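What follows is a short report on a single structure.
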Amino acid sequence: MGDGYIVNALEIVVRFNERVILDHACLTIGDSDHLGLVGRNGSGKSTFLKVLTGELTPDTGQVLRAKDLIVGCLPQDFALNPALTVYENVRSGAQWILDLVREFEALPPDSKQHDALEERIHFLDGWNLENRIQTAMSHLKVPDGALSIHTLSGGEQRRIALCRAIISHPDLLILDEPTNHLDPESIEWAVEFLQRYRQAFILVTHDRHFLDQVTSDIVELDGGVFTRYTGNYSDYLEASATRQAIAEVNEQKRQGFLRRELEWVRRGPQARTTKSKSRLDNFYEIAGQAPPEPVLEVDMLIPPPPPLASRVVELINAGLKFGDRPIISNLSFRFEAGSRIGVAGPNGSGKTTLLKLILGQLAPTEGSLKVGTLTQFNYVDQGRCQLNEENTVLQEIADGSEFVIFGDGRISLRSYLKRFLFSDERISSKVKYLSGGERSRLLLARILKNGGNFLVMDEPTNDLDLPTLRVLEETLLAFTGCVLVVSHDRYFLNRVCTGLLVFEGGGRVVHSVGDYDYYLEKKARAAAAQPVPEIRKPAAAEKNAGPAAAKTGRPRKLTWNEARELEKIEPLIEAEEATVARLEALFSSPDFHQQQNGPRTAALVAELDAARQALDRLYARWAELENIKNGQ
């Protein structure tokens, strides 16, 4: 296509029945653009991504693509190959690179294509593909590569699909909610990966910290058309606010002009005899212009909480074990009215288990839990309860009542739903016709109307658009009861929380006052203050290295075999870490025994111990080889 552009979407129109999703939308993507696509849920973001991949053909318009363009994609509704293992599914994302390698290896040495293919594979880092696969699987906490995908959760399968999309370094990477089901460590690795990414990508995400870190431009989809802003998400917010303020000022000027001209028009023909016809034409032209569309915001309502007693919830040396595996150890914490506590930590560390412990769904195996007499829980489950596809929006929320009780008053269900941006038409629509964002808003509306004074939320930010997220944050900040929220959304935790409970491994849960950034800052300072332990070579290694060093007077270098071993040891470490993480997640799962794992507990514990010991040996050998390499 020239000029560094790889995709040019021209005058794209997509209609669903009578609804126009994309209205002559145009967007050009350069060969190194790092784009964030934002807009309300239902505005057409995922629809446009499907147009880019060719999955959806627009009603009119065209998408021009660079020749031989390679596209990698993580869609909302992905599919894995059930006949392949975890590793085979991931590796299939680089099939085109594997085909290049196979073609290169089949060429005779004197082939004219030899050099060109070798250069292409080298540019794509194709010779290092296996290492890149192992590294990505490890950092994204993908389950063991030999497993069948039939045994995995939806979150685990989504991490596999993300890994499959990124490992081939495509010319255009398309990611729809890539941070869903990733823990903070995996998100930070994904941030670093995309910051270094040389090719183009376009992504949709509700994670504003992620958007801030990885994007160079923000593309807003509103009213079926695109507006592009230079900079990251923070820059976009500032520019968008400025643009809206200018539009409001211009509208005020337009209304003032119309009032003045209307007075002149109403004076009748005699007053206009000396006026030019063009002035009258100008009046009708400006009067016919539509004012800017009002920006509708969700008005998220939570019934005012009843008062709390002096004791809300108190954990006293509380602990919980599954078998011999500690999930929570010796945790003492007292919740106070008005506190907003975030729960953070890696996937599988026990965050949801802590919520269920506090809610009384699980009993502590040590210590105690005391709940105040006036404490009323309202639980927003991570999976959210299921919606009935055949119910209308109104039926799904009614529960036999036409009103929502707010303190001493009440509000009709229709008025309540309109606060969550459901029009009369959508209120009467069946659930099966709702977009993903509308479903999330409906679920929140249904759960939040139940009231309570202790709000417990497990990943409430999943599938919410950015404007709705901002309103949820404002709602929680104004809530006078107590809030306990699990989230991987760093921006959300920073904005909402007065303190954190963080899982740091081995059942250890620490309390940190303040937001998530402050916790990370304290942790970094503590790590920097720790002395670096001196790593000693094993005695056998010193004995073997001694004579060579004594003869030459210089530290010995790695042998050829040791150098090859060092190259291969990091992927082995990462694979063993993934095995340990998988087993730890299995033990920390609240439905461990429901999945009939009880009889296998001893074998699983032995497998976990063996994996940890193997990991220790690999780390020790890696340190030994690194010391030799560095002349120590």
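Quick caveat: nothing in here was measured; it's all calculated off a predicted structure.
- Under the 4.5 Å side-chain criterion, counting only non-hydrogen atoms from C-beta, Ile174 is in contact with Thr53.
- The aromatic rings of Phe201 and His34 sit parallel, their planes meeting at an angle under 30°, below the 60° perpendicular limit.
- Side chain to side chain, Gln199 and Asp171 fail the donor-acceptor criterion of an N or O pair below 3.5 Å.
- When only modelled atom types and interatomic distance are considered, Asp517 and Asn494 share a side-chain donor-acceptor pair under 3.5 Å.
- Comment: Asp23 does not engage Arg15 in a salt bridge, judged by the lack of any side-chain N to carboxylate O separation of less than 4.0 angstrom.
- Side chains of Thr215 and Asn232: no donor on one and acceptor on the other come within 3.5 Å.
- From Arg91, atom CZ reaches atom SG of Cys163 across 13.0 Å, with rounding to the nearest 0.5 Å.
- Exactly one of Val101, Ile97, Leu129, Ile70 qualifies for a side-chain contact (heavy atoms from CB on, under 4.5 Å) with Leu124. That residue is Ile97.
- With respect to Arg490 and Glu188, a salt bridge is recorded, a charged nitrogen being found less than 4.0 Å from a carboxylate O.
- Around CD of Glu103, the count of heavy atoms belonging to other residues, nucleotides or ligands within 6.0 Å exceeds 12.
- When each of Gln76, Lys45, His206, Arg158 is tested with Glu177 by the rule side chain to side chain donor-acceptor pair (under 3.5 Å), just one qualifies, namely His206.
- Side-chain contact between Arg198 and His169 is absent, with no heavy-atom pair separated by less than 4.5 Å.
- Annotation for Glu119: atom CD does not count as buried by contact number, only 12 or fewer foreign heavy atoms lying within 6.0 Å.
- The heavy-atom pair separating Phe48 from Ala9 by the smallest distance is CE1-CB, 4.0 Å.
- Between Tyr379 and Leu455 there is no side-chain heavy-atom pair separated by less than 4.5 Å.
- Taking the ring pair (Phe, Tyr, Trp, His ring centres under 6.0 Å) definition, one finds that Tyr236 meets it with Tyr229, Tyr233, sequence neighbours left out.
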Taking only distance into account, with no hydrogens and no angle test, what donor-acceptor pairs under 3.5 Å do side-chain atoms of residues 139-148 form with protein atoms, sequence neighbours excluded?
| from | atom 1 | to | atom 2 | distance (Å) |
| --- | --- | --- | --- | --- |
| Lys141 | NZ | Asp183 | OD2 | 2.8 |
| Asp144 | OD1 | Ala146 | N | 2.9 |
| Ser148 | OG | His150 | N | 3.2 |

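- Using a 3.5 Å distance cut-off with no hydrogens or angles, the side chains of His488 and Glu459 do pair a donor with an acceptor.
- Here CG of Asp489 is found 7.5 Å from OG1 of Thr179. Values are rounded to the nearest 0.5 Å.
- Judged purely by atom type and a 3.5 angstrom limit, Asp33 has no side-chain atom pairing as donor or acceptor with the backbone of Ile29.
- Put simply, the residue from Leu493, Leu477, Leu484, Val485 that forms a side-chain contact (heavy atoms from CB on, under 4.5 Å) with Arg340 is Leu477.
- Ion pairing between Lys430 and Glu390 holds under the 4.0 Å rule for side-chain N and carboxylate O.
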